[in-house]
Amino acid sequence: MADITRKLHPFIRHNTHGARVPATLRGTTHRSRFVRDLCLSPEITEFFSEMFHTQLVPHTITHQQGHMNFQPKELRKEVDTWHHDATAFDWVLMVHDPNKIRGGRFQIFDGTREEGWKLMRSGAGIPEDRIITPDFAGPGYACYMQGSAVFHRASRLEELGERASLVQSYVSTNVKVPDPNWFDWIRPTEGSINDVNYMLEQACAPAEWARHRAWVAKRRLQELMDELPLNATAQEVLHAMEHVTNDLNDLNDLLRRGPVSHEESQVNRDLVDARHIS
């Protein structure tokens, strides 16, 4: 895996203009057969399905398969700033040996994502006594989590060196709950426009989102056909139909609105989160 990662270095997206992740590579399953086979492995998928007591499948959005983060060019930059994921289930695999480099640690906030955002936006930051730092024994070890619910980061490196992690995401086949996958359509910055790999993902994004939401809607329509009783009331039918169409309508609104700033995207995400929680 380390050898393959080095071969992928020419495709890394380096962004020093305030991006959340200064050095990243997405869509690795389109570039490496080994990474694709690893991310689509039925054995790994079944192992994590049993762990979380829900049937998982590799993420329907291919750019969420095999996402990679690398060491920034500058030590002052965090490898990945505090955030929660746009996907519900994922694992973070250490490609490098975390015991042979200082810093760059994967860390988790001991609290809710809402509290984490509140602390960060207030300027207070995350208190050191509420940061959990998992101990990875070496390369090849991973942390599996519900990424959309866990506030986490990869800290700054304290010395220059190779640091790489692989993130693989999944979706649950249980579509009775709101779709936890979030779509960010961010307006490209001047630096991003000149990044071929970034713009390639942006060009594919609307179709990827549509295919994912169509997958969810198809499963929900089948459940409606299988489970909706003939004596259902008009209100019950409306509720069942809205369960199918709400996420599709949200995507339609996103496509009509077009790309927005990071700040606007965060406001929109907060609104969706509040609706899901309610």
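Below, all heavy atoms of this structure are taken into account, side chains as well, without hydrogens, waters or symmetry copies. It should be emphasised that the depicted structure is a prediction, and the values quoted were computed from it without experimental measurement.
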Give a yes or no on whether the backbone of [Y] and the side-chain of [X] come within a donor-acceptor separation of less than 3.5 Å.
| X | Y | value |
| --- | --- | --- |
| Asp85 | Thr87 | no |
| Ser261 | Glu264 | yes |
| Arg113 | Ser148 | yes |
| Thr54 | Ser172 | no |
| Arg130 | Asp110 | yes |
| Thr28 | Gly66 | yes |
| Arg105 | Pro98 | yes |
| Gln168 | Cys39 | yes |
| Glu46 | Glu43 | no |
| Ser122 | Lys118 | yes |

Can you give me the closest heavy-atom contact between [X] and [Y], atom names plus distance?
| X | Y | value |
| --- | --- | --- |
| Gly140 | Leu93 | O-CD1, 3.2 Å |
| Ala88 | Asn181 | N-OD1, 4.1 Å |
| Gly138 | Asp97 | CA-OD1, 3.8 Å |
| Leu228 | Ala240 | CD1-CB, 4.3 Å |
| Leu224 | Met241 | CD1-SD, 3.7 Å |
| Asp179 | Arg220 | N-NH2, 3.5 Å |

Test ring-ring contact (aromatic ring centres under 6.0 Å, His included) applied to [X] - qualifying residues, sequence neighbours left out:
| X | value |
| --- | --- |
| Phe47 | none |
| Phe151 | Trp82, Trp117 |
| Phe109 | none |
| His152 | His83, Phe106 |

Side chain to side chain donor-acceptor pair (under 3.5 Å) with [X]: which residues, sequence neighbours excluded?
| X | answer |
| --- | --- |
| Thr5 | none |
| Thr133 | Gln107 |
| His239 | none |
| Arg102 | Glu158 |

Are Glu227 and Lys176 within salt-bridge range, i.e. N to O under 4.0 Å?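 Judged by the 4.0 Å cut-off on N to carboxylate O distance, Glu227 and Lys176 do form a salt bridge.
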Sidechain N-carboxylate O distance under 4.0 Å for Asp250, Arg213: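 No, no charged N to carboxylate O under 4.0 Å.
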Other members of the hydrophobic cluster containing Leu238, with the 4.5 Å side-chain heavy-atom rule, please.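 ILVMFWY cluster around Leu238 holds nothing else.
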When clusters are formed from ILVMFWY side-chain contacts under 4.5 Å, directly or step by step, what else is grouped with Val216?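 The other cluster members (ILVMFWY side chains, heavy atoms under 4.5 Å, direct or chained) are Val57, Val171, Val175, Trp215.
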May I ask you to check whether over 12 heavy atoms, not counting those of [X], lie within 6.0 Å of atom [atom1]?
| X | atom1 | value |
| --- | --- | --- |
| Arg211 | CZ | no |
| Met51 | CE | yes |
| Arg121 | CZ | yes |

Is the Phe89-Phe52 ring centre distance short of 6.0 angstrom?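 For Phe89 and Phe52, the ring centres are under 6.0 Å apart.
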Gap between atom [atom2] of [Y] and atom [atom1] of [X] - 0.5 Å precision:
| X | Y | atom1 | atom2 | answer |
| --- | --- | --- | --- | --- |
| Glu50 | Gln55 | CD | CD | 9.0 Å |
| Gln71 | Glu159 | CD | CD | 11.5 Å |
| Leu166 | Gln65 | CG | CD | 11.0 Å |
| Asn99 | Asp135 | CG | CG | 6.5 Å |

Is there a side-chain contact between [X] and [Y] in this structure, where contact means two heavy atoms from C-beta onward sitting under 4.5 Å apart?
| X | Y | answer |
| --- | --- | --- |
| Pro72 | Val79 | yes |
| Arg257 | Trp185 | no |
| Pro139 | Met94 | no |

If we ignore angles and hydrogens, is there a donor and acceptor under 3.5 Å between the side chains of [X] and [Y]?
| X | Y | answer |
| --- | --- | --- |
| Ser169 | His59 | no |
| Gln222 | Asp226 | yes |
| Glu208 | Thr62 | yes |
| His67 | Asp90 | no |

Mind checking whether Leu38 and Leu56 sit in one hydrophobic cluster, side chains of I, L, V, M, F, W, Y counted as touching below 4.5 Å?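 Result: yes, single cluster for both.
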Report the residues that fulfil side-chain contact (heavy atoms from CB on, under 4.5 Å) with Ser265, sequence neighbours left out, ordered by chain and then residue number.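 Ser265 satisfies side-chain contact (heavy atoms from CB on, under 4.5 Å) with Trp182, Asp184, Ile186, Val260 once adjacent residues are dropped.
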Would Arg163 count as a cation-pi partner of Phe70, with NZ or CZ less than 6.0 Å from the six-membered ring centre and within 45° of the ring normal?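 Verdict for Phe70: no cation-pi partner in Arg163.
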Could you list all the salt bridge (charged side-chain N to carboxylate O under 4.0 Å, His left out) pairs where at least one residue sits in residues 197-206, not counting sequence neighbours?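 Sorted result for residues 197-206: Arg26-Glu201.
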Geometric class of the Phe183/His212 ring pair [parallel <30°, tilted 30-60°, perpendicular >60°]: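 Correct class here is perpendicular.
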